[in-house]
Protein chains: 2
Amino acid sequence: MSAKTREFTHPETARLEMTDVLFALSDPIRLELVRRLAADGPLEVAECQPRSGPIPKSTLSHHVKTLREAGVIRNEPQGRRRSLSLRREDLESRFPGLLDAVL
Amino acid sequence: MSAKTREFTHPETARLEMTDVLFALSDPIRLELVRRLAADGPLEVAECQPRSGPIPKSTLSHHVKTLREAGVIRNEPQGRRRSLSLRREDLESRFPGLLDAVL
DNA sequence: GTTATGGTTCCAGTATCCTCGAACCATGAG
DNA sequence: CTCATGGTTCGAGGATACTGGAACCATAAC
């Protein structure tokens, strides 16, 4: 019940940079991850393995971090696991149409 | 009058990769260049200097090349100069809405 | 408490990219 | 032809990103 689990920092919607978002989406693994989040809703990190084959969890964690820091996804602790979700509304309000064009 | 000037290779519309396009657009200098092309129409390379301050022409040429190889812009010889233009229709047909969302 | 698990962090190695000067190239002007 | 110009290409240095193993951390289960 103690909340020792670190809450990650997420950039505010108003401060999202288009170049950062585009860069985060320009990697095949990350783009696939985002598309799956868009289709299947919130997922745990372990469920985000690319179809092309499993990658080490440290690598996956790195890509998740890149997407989070760019403001594309949210990473929230949920018990022992973590819930990844797409920041749909935030992205839509800041960069209208961008996410739809990418998905 | 001889056409010794090299024609650059431009990727076919059908073969444009979304990750390549997103990556090409994820650099501030290149994004600004694309936006100017969208607003002002075809430009020469020398006219594409960023407002933040002039950069060496070799650097600028490198960014132009990145955009061309990703299929974002066209680079055609025009006399002694070169004409840069946005591949609007190609991008629109391959990735509908993407360019509009970025501009 | 002990253990197993989902996930992050640290670190090093490799690869890729950005930058920029220098050399080069083709064209148009004189 | 000679020269100036717009632009590319080459090469090297530095910065940044991707990958992956190992250590670590907090939680849930036992």
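Letters A, B, ... mirror the listed sequences (proteins, then strands); counts begin at 1.
Counting only distance, with no hydrogens or angles, the side chain of A/Arg36 and the backbone of A/Glu47 share a donor-acceptor pair below 3.5 Å. Remark: side-chain polar atoms of A/Gln49 are paired, donor with acceptor, to backbone N or O of A/Ile55 under 3.5 angstrom.
The closest side-chain donor-acceptor pair between B/Arg30 and B/His63 falls under 3.5 angstrom.
Atom CZ in A/Arg30 sits about 9 Å away from atom P in D/dA17, given to the nearest Å. Look at CG on A/Asp27: it is 12 Å from P on C/dC17, rounded to the nearest Å. Per the geometry, CG belonging to B/Leu60 stands 11 Å off P belonging to C/dT19, to the nearest Å. Taking atom CD of residue B/Gln78 and atom C1' of nucleotide D/dG7, one finds them 14 Å apart after rounding to whole Å. The CD-P distance, from A/Glu69 to D/dT16, rounds to 14 Å in whole Å. Going from atom NZ of B/Lys57 over to atom C1' of D/dT8 covers 9 Å, rounded to whole Å. Between the CD atom of B/Glu76 and the P atom of D/dG7 there is a distance of 14 Å, rounded to whole Å. The CG atom of B/Asp20 sits 13 Å away from the P atom of C/dT16 (whole-angstrom rounding).
Classification of B/Arg15 and B/Glu12 as a salt-bridged pair holds, one side-chain N sitting under 4.0 Å from a carboxylate O.
Among the nucleotides C/dC20, C/dG7, D/dT19, the one closest to any side-chain atom of A/Arg82 is C/dG7. For B/Pro56, counting side-chain heavy atoms from C-beta on, the closest listed nucleotide (C/dG21, C/dT9, D/dG20) is C/dG21. Nearest nucleotide to the side chain of B/Arg81, out of C/dC18, D/dT9, D/dG7: D/dG7. Taking every side-chain heavy atom of A/Arg80 into account, C/dA4 is the closest of C/dT19, D/dG21, C/dA4. Side chain of A/Val64, nearest nucleotide from C/dG21, C/dT8, D/dT8: C/dT8.
Phosphate proximity of C/dT19 to B/His63: present, with a side-chain N or O under 4.0 Å from OP1 or OP2. Side-chain nitrogen and oxygen atoms of B/Asn75 include none within less than 4.0 Å of the OP1 or OP2 phosphate oxygen of D/dG7. Considering only side-chain N and O atoms, B/His62 lies nowhere under 4.0 angstrom from the phosphate OP1 or OP2 of D/dC10. Contact between the side-chain N/O atoms of B/Ser58 and the OP1/OP2 oxygens of C/dC20 is not found at any separation under 4.0 Å. Using a 4.0 Å cut-off, no side-chain N or O of A/Thr59 falls inside it from OP1 or OP2 of D/dT19.
The two residues B/Val102 and A/Leu98 have their closest heavy-atom pair at CG2-CD1, 4.2 Å. Closest approach of B/Leu16 and B/Gly71 over heavy atoms only: CD2-CA, 3.7 Å.
Counting non-hydrogen atoms of neighbouring residues, nucleotides and ligands closer than 6.0 angstrom, the CD atom of B/Glu76 exceeds 12 such neighbours.
Using a 4.0 Å cut-off on heavy atoms, the residues of residues 31-55 of chain A that approach DNA chain C are A/Glu44, A/Val45, A/Ala46, listed by number.
Comparing A/Leu84 and B/Phe23 by the nucleotide of DNA chain C whose heavy atom lies nearest to each, the residue mapping closer to the 5' end is A/Leu84.
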Audit row: A/Arg88, A/Glu92, salt bridge (Lys or Arg N to Asp or Glu O under 4.0 Å) steps and yes/no: CA-CA 6 Å; A/Arg88 266 184 181 283; A/Glu92 182 59 28; over 6 Å; no
